[in-house]
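Everything on this sheet refers to the single structure shown next.
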Amino acid sequence: MKLTLHVWRQRSSQDSGRMVRYELADVNPDMSFLEMLDVLNEQLLSKGEEPVAFDHDCREGICGSCGFVINGVAHGPQRGTTVCQLHMRHYHDGDELYLEPWRAAAFPVVKDLVVDRGALDRIIAAGGFISVQTGAAPDGNAIPVPKGNADMAMDAAQCIGCGACVAACPNASASLFTAAKVSHLNLLPQGQPEKADRVLKMVVQANEELFGSCTNIGECTSVCPKGIPLEMIARMNRDYLSAALVRR
Amino acid sequence: MTATVPANARSSLASFYDSVIGKKVVMAVTGLILFGFVVVHMLGNLQIYLGPQAINRYAELLRVSPGLLWGARLVLLGAVGLHILTALQLAKRKMDARPQGYQKYTPTTSSYASRTMLWSGPILAAFIVYHLLHLTVGSVHGDFREMQVYHNVVSGFRVIPVSIAYIVAMAALGIHMHHGVWSLFQSLGVAHPRYTPLLKKFAAAAAVVVVAGNISIPVSVMLGILK
Amino acid sequence: MQLNSRIPSGPIEQRWDKCRFEMKLVNPANKRKFSVIVVGTGLAGGAAAATLAELGYNVKCFCFQDSPRRAHSIAAQGGINAAKNYQNDGDSIYRLFYDTVKGGDFRARESNVYRLAQVSVNIIDQCVAQGVPFAREYGGVLANRSFGGAQVSRTFYARGQTGQQLLLGAYQALERQIGAGRVAMFPRTEMLDLIVVDGRARGIITRDLMTGKIETHLADAVVLGTGGYGNVFFLSTNAKGSNCTAIWRAYKRGALFANPCFTQIHPTCIPVSGDYQSKLTLMSESLRNDGRIWVPVKKGDTRSPEQIPESERDYYLERRYPSFGNLVPRDVASRAAKGVCDEGRGVGGTGLGVYLDFSDSIRRLGEGAIRERYGNLFEMYERITGEDPYKVPMRIFPAIHYTMGGLWVDYHLMSTIPGLFVIGEANFSDHGANRLGASALMQGLADGYFVLPYTIGDYLANAKLHKVGGDHPACREADASVRERLKGFLSIGGKRSADSFHRELGKIVWDECGMARNADGLGKALEAIPALREEFWSNLAVPGTGEELNQQLEKAGRVADYFELAELMCLDALTREESCGGHFREEHQTPEGEAMRDDDKFCHAAAWEYKGDGAKPERHIEHLEFEYVKPSQRSYK
């Protein structure tokens with residue numbers, strides 16, 4: 001099939017950037033979206049032009065490296081799917097596709113479709129861990145964890161940190177990302193000692209990074225490759241409220 | 001690497017309000033107060049169907065204790081003020097958080113109501129001012145009579161553009177409530193896979209009831225049911 | 001060169017204790033005076049960096065990804081083994097040790113494997129305490145499953161995302177240290193050379209992938225946890241960025257490379273669909289429990305599978321291995337699939353695939369039961385191929401997914417360059433010629449959390465290092481050679497992309513040094529690779545500059561190293577005149593077509609020493625003693 005692509009091209013974070021139009025013939029429906037871009041890049045290279053830069057690594061939907069906005073939707077039209085797992089059979093001959101990077105003040109564009117998501121790491125560094133040093137752990141079965149809690153913690157822990165939630169949120173809020181980590185650790189008995197401190201520090205850090213507020217509209221959940229539910233945000237709000245209210 | 005400000009390094013209240021969640025809690029609490037108010041207000045309004053005496057007596061009842069009246073008015077004014085102030089700050093935050101928008105943005109799941117809170121809100125703010133001047137102060141009412149609520153309402157709504165303005169404003173209120181009433185629970189941390197869908201239905205029902213109750217009055221006046 | 005593996009003496013159960021006791025300690029107050037560079041943030045590197053920082057060392061940590069959380073350990077699905085014996089089914093440290101040595105086809109070092117089994121129990125405790133949400137039973141205790149044909153249930157798992165959860169545990173521990181200022185983290189930074197001063201590893205040269213800045217980082221020791229080299233095949237289950245550059249640069253600076261030909265092939269991957277294919281996706285091995293593998297009896301049969309009657313189907317694994325059937329080990333299943341495809345009986349558009357058919361199981365157990373067991377895998381398959389495996393048989397084909405070979409290390413995980421430690425998949429130590437399922441995660445975390453942090457202390461306490469500045473001739477030389485090399489790529493001005501060379505190289509290596517090897521083919525590869533490499537260096541196209549994010553330049557450097565590694569792999573495969581584990585030499589097989597080891601001549605690890613470009617590397621051997629597990633021949637008939 002033939003496609004028309006409009007791709008955001010930006011040399012560096014200082015550059016202003018613009019959409020550039022490319023025509024691509026002979027797209028195979030069995031290609032993944034990123035393989036389609038590989039083909040585009042080979043084509044650009046053979047013409048002596050610079051290929052489109054995009055982040056990618058595992059190409060099996062788990063590393064969280066890839067992601068951009070396709071026709072206004074983060075990771076494209078298929079739910080629960082990262083761009084690398086999206087295949088071209090979902091498109092038709094003659095389709096026009098608009099590719100834009102994640103847009104948020106906290107995610108400056110590095111080049112083309114590549115953004116800097118270091119802000120998410122800093123939120124984790126602020127409190128998204130359990131302070132247990134190597135060797136200090138009791139036996140794995142010393143503290144039983146109710147299966148329901150373990151399962152729910154796993155639901156939250158599945159987050160791949162791709163940043164699609166921020167990209168899709170009209171407020172560029174990182175609430176779903178932050179809430180997923182807060183919920184994962186706060187649901188487990190091992191996470192209890194630092195529960196209050198964790199949520200306070202992580203929320204403060206999200207603030208510092210210039211992410212927006214959550215307006216509970218659910219775009220984040222809808223584009224999340226792991227389908228992390230909005231309920232996690234309520235859980236974080238609850239933990240935050242109780243931590244903020246009882247703090248001395 | 002940005003240094004982290006320790007969460008307890010600043011006054012608790014300031015850092016609470018400063019945070020992305022704190023502001024939403026303020027929106028939720030003030031929203032809850034205003035939700036309670038619109039429900040009670042709508043119930044009060046419906047007494048117009050009981051005739052002039054009933055509703056005029058209700059108006060007098062509200063004014064029995066000036067202290068109570070002004071207390072309530074201050075709480076409401078405070079709630080509205082904080083709700084608006086926080087909304088403005090959140091709107092600024094929203095713009096700061098995404099200085100460059102998308103050339104193409106396609107919502108996938110969010111409701112119309114949820115995406116238009118920043119439009120329905122200002123419409124309501126303008127309406128509140130107009131409504132106070134129209135039926136409380138009376139300065140924009142052609143034939144305003146002190147404490148004669150029934151007369152003021154019926155004569156006010158006989159002016160068709162006024163009725164239409166009220167109906168439009170009530171539609172905005174309904175849209176605002178449709179998202180706001182369930183969203184405030186989420187902001188306060190109340191969510192559950194079993195109960196959240198019910199909360200959403202409750203919000204929609206409350207919005208429909210309040211809007212229908214209120215709109216029925218100008219409609220009845222225009223249809224000549226209330227004379 | 002005499003390889004000293006520094007294996008402690010005494011009974012195997014006491015060796016690690018003895019070693020730990022004999023090691024010199026660094027005074028707690030002195031630890032902050034030492035600095036350590038850790039390259040790679042997967043299970044091994046991430047765990048090591050976090051633990052070293054907890055101990056008080058100054059740590060600098062590097063990864064090429066944009067965040068340490070994205071290292072390829074994240075993609076491991078199945079689980080992690082540990083000899084906890086929580087299931088009371090007769091497991092023990094000794095049994096895990098025994099299974100791993102045997103599974104490795106007697107080409108691993110017994111003492112290392114025993115230590116691995118010993119610390120496996122600590123790993124689970126550590127991960128639970130970090131908040132890794134392992135699967136639980138209703139009573140709240142940890143759940144286990146049996147994996148990869150093991151007869152005990154010793155595998156701990158977190159749905160199909162065990163690697164992800166373990167990595168996030170290590171990542172969170174690392175972020176905690178970063179937040180506390182005890183680890184300086186350098187994401188999107190690639191190591192391009194090793195600095196060796198007076199025979200000791202003292203630093204690395206890096207390139208900032210965002211700005212192109214070349215920098216010198218110095219330290220008292222360097223740790224490489226940079227993963228395997230499976231991407232030499234271009235198509236593998238590795239992440240696109242996984243590369244051999246760090247270990248290859250270390251090799252060229254004097255570290256010995258052991259057993260490069262030991263690569264593992266996974267039998268159940270989704271086949272290649274076209275020449276645009278960029279990587280292969282693994283489907284969990286558990287599918288073979290209920291799926292039946294077959295191909296048409298007739299060559300070149302293009303009928304769709306449902307049109308092929310039962311009598312014209314060849315369930316070749318069930319036919320050849322009646323007792324194990326579809327559950328034969330990875331290497332056996334893989335070679336059998338290659339065999340039938342070579343005969344022209346492969347299925348799918350490319351002819352490189354076999355059917356994995358669930359229709360019998362669906363008929364027997366119902367679609368619901370199959371959905372419950374494999375629902376997410378079937379979904380993944382459908383997402384990638386567009387075919388519904390409930391209705392049409394899956395097509396699968398083997399793919400490279402792990403490399404047992406790597407830099408040679410002693411019992412302390414130190415390479416032949418003093419001060420250079422190598423952990424996880426990047427070293428060669430624990431899996432011999434074949435790795436068992438759910439053991440890669442175990443080894444990465446064992447090395448990172450529980451082995452390296454002790455042994456590196458011994459090195460630092462003994463080393464008596466003097467200060468080295470960035471203006472030291474060795475630093476200048478390394479810096480200059482990196483710049484020279486990058487300039488080289490940018491100035492060729494040819495026509496072909498690095499990817500196109502990589503793809504072609506991968507095909508040569510896959511055809512001649514893949515699932516089955518023979519002297520003839522390896523000889524051909526050893527001619528074809530240098531020829532293609534020559535074209536690479538004269539016809540490579542790298543647009544843009546070195547002073548910006550330039551993904552083509554990154555690829556060029558990695559592919560250049562793969563060219564050299566591919567040659568060494570073929571040489572190693574040619575020299576090892578036996579079949580063992582993942583290394584199958586067609587000349588060395590039993591009459592039934594099974595791998596035949598030659599324990600008289602090859603009961604050793606082969607470690608190659610770089611002797612300069614164009615010169616033949618020198619082969620050293622470390623003889624392997626099997627005092628506890630006596631070598632035997634595998635049989636699955």
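All values below were derived from every heavy atom in this structure, side-chain atoms included, with hydrogens, water molecules and symmetry-related copies excluded. Numbers restart at 1 for each chain; the letters A, B, ... are given by sequence-line order, proteins then strands.
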With a 4.5 angstrom heavy-atom cut-off, is it the side chain or the backbone of [X] that approaches chain C, or both, or neither?
| X | value |
| --- | --- |
| A/Ser13 | neither |
| A/Gln78 | side chain |
| A/Ser12 | neither |
| A/Val27 | neither |
| A/Asn149 | neither |

[X] portion near chain A, given a 4.5 angstrom heavy-atom threshold:
| X | answer |
| --- | --- |
| C/Lys495 | neither |
| C/Glu387 | neither |
| C/Ile270 | neither |
| C/Phe156 | neither |

In sequence, state the C-alpha distance, the side-chain angles, and the governing distance for A/Asp26 and C/Tyr276, and then conclude on side chain to side chain donor-acceptor pair (under 3.5 Å).
-> CA-CA 11 Å; A/Asp26 299 329; C/Tyr276 46 78; over 6 Å; no

Salt-bridge contact A/Arg117-C/Asp66 (side-chain N to carboxylate O under 4.0 Å) |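 Judged by the 4.0 Å cut-off on N to carboxylate O distance, A/Arg117 and C/Asp66 do form a salt bridge.
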
Rounded to the nearest 0.5 Å, what's the gap from CD on C/Glu54 to OG1 on A/Thr134? Could you check?
->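 It is 4.0 Å, given to the nearest 0.5 Å.
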
Under a 4.5 Å heavy-atom cutoff, which of C/Gly386, C/Ala541, C/Gly274 has the most pairs with chain A?
-> C/Gly386

